[in-house]
Amino acid sequence: MGELRQEILQAQQTRSDLLKWKLGLVGAIGAVGLGLAGSRVSSHADLVLCAVPLVCVYVDLLCRHLSLRILVIGTFLWTPAVDAASEAEASEWGVLRAYEEHVQKARELDRRLCPRLTDRWSKHTAFALEDGALTWSTLALSTALLVYGYMVQGSNSPDHRLVGAVFIIAGLVGLVASLLGRWFYTVKFKQVLEIE
């Protein structure tokens with residue numbers, strides 16, 4: 001039992017670290033791409049900003065994977081398989097099982113806040129803020145890249161039109177990949193909850 005609990009704690013810590021890394025990586029890429037580091041570089045150094053959506057989606061997928069891992073362990077802890085624990089472990093298993101049942105209820109909160117919106121995505125959960133931060137930060141950064149691409153493309157220079165198109169493509173890839181990642185996570189989340 002201790003190993004499973006330790007794995008949950010380690011996955012939660014890793015998830016928190018990944019969220020910090022996302023912020024740091026986006027900041028570093030932005031500083032290089034916008035020339036905020038004080039160095040003079042080539043005229044299209046801002047192309048490095050095209051990596052922002054890819055980095056965001058990568059970190060988002062890793063965080064969602066860790067969430068699914070935690071969910072799988074949690075749902076196992078409240079299954080009848082846990083009842084086979086020895087008497088010495090039974091009280092610890094019982095506490096963990098009761099806790100995981102409580103967590104499951106927290107994942108299925110009432111939808112009074114915004115019923116139409118939450119019906120379309122998934123159940124409204126107590127953990128929605130962190131998942132929302134993952135998704136919305138990536139969508140916002142990808143949208144900003146799209147807008148930047150349109151601004152760069154507005155120049156009369158053919159070179160700027162091409163560079164703007166690269167930004168637009170990177171922004172679109174970020175938007176689509178983020179939404180697909182969120183959808184795939186929601187599907188897998190529901191499938192894990194249906195395991196018997």
**Q** Could you tell me the separation between the CG atom of L66 and the CD1 atom of I8, rounded to the nearest 0.5 Å?
**A** 12.0 Å

**Q** Provide the closest heavy-atom pair for G149 versus F167 in the form atom of the first, atom of the second, distance.
**A**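 Minimum heavy-atom contact is CA-CB, 3.5 Å.
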
**Q** Do Y150 and V176 belong to the same hydrophobic cluster, where Ile, Leu, Val, Met, Phe, Trp and Tyr are linked whenever their side-chain heavy atoms lie under 4.5 Å apart, directly or via other members?
**A** no

**Q** State the CG-CD1 distance between L172 and I168, to the nearest 0.5 angstrom.
**A**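 One gets 7.5 Å once the value is rounded to the nearest 0.5 Å.
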
**Q** What are the two closest non-hydrogen atoms of I70 and A11, and how far apart are they?
**A**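 Minimum heavy-atom separation between I70 and A11: CG1-CB, 3.7 Å.
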
**Q** Indicate yes or no: at least one non-hydrogen side-chain atom of V59 is less than 4.5 angstrom from one of W21.
**A** no

**Q** Taking the side chain as everything from C-beta on, heavy atoms only, tell me whether D17 gets closer than 4.5 Å to Q13.
**A**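 Side chain of D17 against side chain of Q13, heavy atoms only: contact under 4.5 Å found.
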
**Q** State the CD1-CG distance between I169 and L146, to the nearest 0.5 angstrom.
**A**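 If I round to the nearest 0.5 Å, the distance is 10.5 Å.
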
**Q** Mind checking side chain to side chain contact (heavy atoms under 4.5 Å, CB included) for A170 and listing every partner two or more places apart, or none if nothing turns up?
**A**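 Once residues adjacent in sequence are excluded, the partners of A170 under the side chain to side chain contact (heavy atoms under 4.5 Å, CB included) criterion are C50, L145.
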
**Q** Restricting to pairs with a member in residues 133-145, which pass salt bridge (Lys or Arg N to Asp or Glu O under 4.0 Å), not counting sequence neighbours?
**A** none

**Q** Could you grab the distance from atom CG of L180 to atom CG of L61, nearest 0.5 Å is fine?
**A** 10.0 Å

**Q** Looking only at heavy atoms, what is the nearest atom pair of S178 and R64, with distance?
**A** O-NH1, 4.5 Å

**Q** Please collect all salt bridge (Lys or Arg N to Asp or Glu O under 4.0 Å) contacts where either partner lies in residues 138-147, sequence neighbours excluded, each pair once.
**A** none

**Q** Does L25 belong to the same Ile/Leu/Val/Met/Phe/Trp/Tyr cluster as L141, with side-chain heavy atoms less than 4.5 Å apart forming each link?
**A** yes

**Q** Over all heavy atoms of both residues, which pair between A133 and K22 is shortest? Give the atoms and the distance, please.
**A** O-NZ, 4.4 Å

**Q** In this structure, would V163 and V166 fall into the same cluster of hydrophobic residues linked by side-chain contacts under 4.5 Å?
**A** yes

**Q** Where is the tightest heavy-atom contact between L49 and Y148, given as atom of each residue plus distance?
**A**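 Of all heavy-atom pairs spanning L49 and Y148, the closest is CD1-CE2, 4.4 Å.
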
**Q** Test of understanding: with side chain to side chain contact (heavy atoms under 4.5 Å, CB included), list the residues that count as partners of S142, not counting sequence neighbours.
**A** P53, T138, L175

**Q** Looking only at heavy atoms, what is the nearest atom pair of C63 and L19, with distance?
**A**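 In terms of heavy atoms, the two residues are closest at SG-CD2, 4.0 Å.
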
**Q** Can you tell me how far the NZ atom of K188 sits from the CH2 atom of W183, to the nearest 0.5 Å?
**A**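 Interatomic distance, K188 NZ to W183 CH2, rounded to 0.5 Å: 9.0 Å.
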
**Q** State which residues pass side chain to side chain contact (heavy atoms under 4.5 Å, CB included) with V72; sequence neighbours excluded, sorted by chain then number.
**A**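 With neighbours one apart ignored, the set is V192.
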
**Q** Hey, does L179 have a side-chain heavy atom less than 4.5 Å from the side chain of R182?
**A** no

**Q** Kindly write out the residues that satisfy ring-ring contact (aromatic ring centres under 6.0 Å, His included) with Y58, not counting sequence neighbours, or none if the list is empty.
**A**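 Y58 satisfies ring-ring contact (aromatic ring centres under 6.0 Å, His included) with no residue once adjacent residues are dropped.
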
**Q** Please report the interatomic distance CG(L71) to CZ(R69), rounded to the nearest 0.5 Å.
**A**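 Answer rounded to 0.5 Å: 12.5 Å.
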
**Q** With the side chain counted from C-beta on, respond yes when T135 and D60 share a heavy-atom pair under 4.5 Å apart, and no when they do not.
**A** no

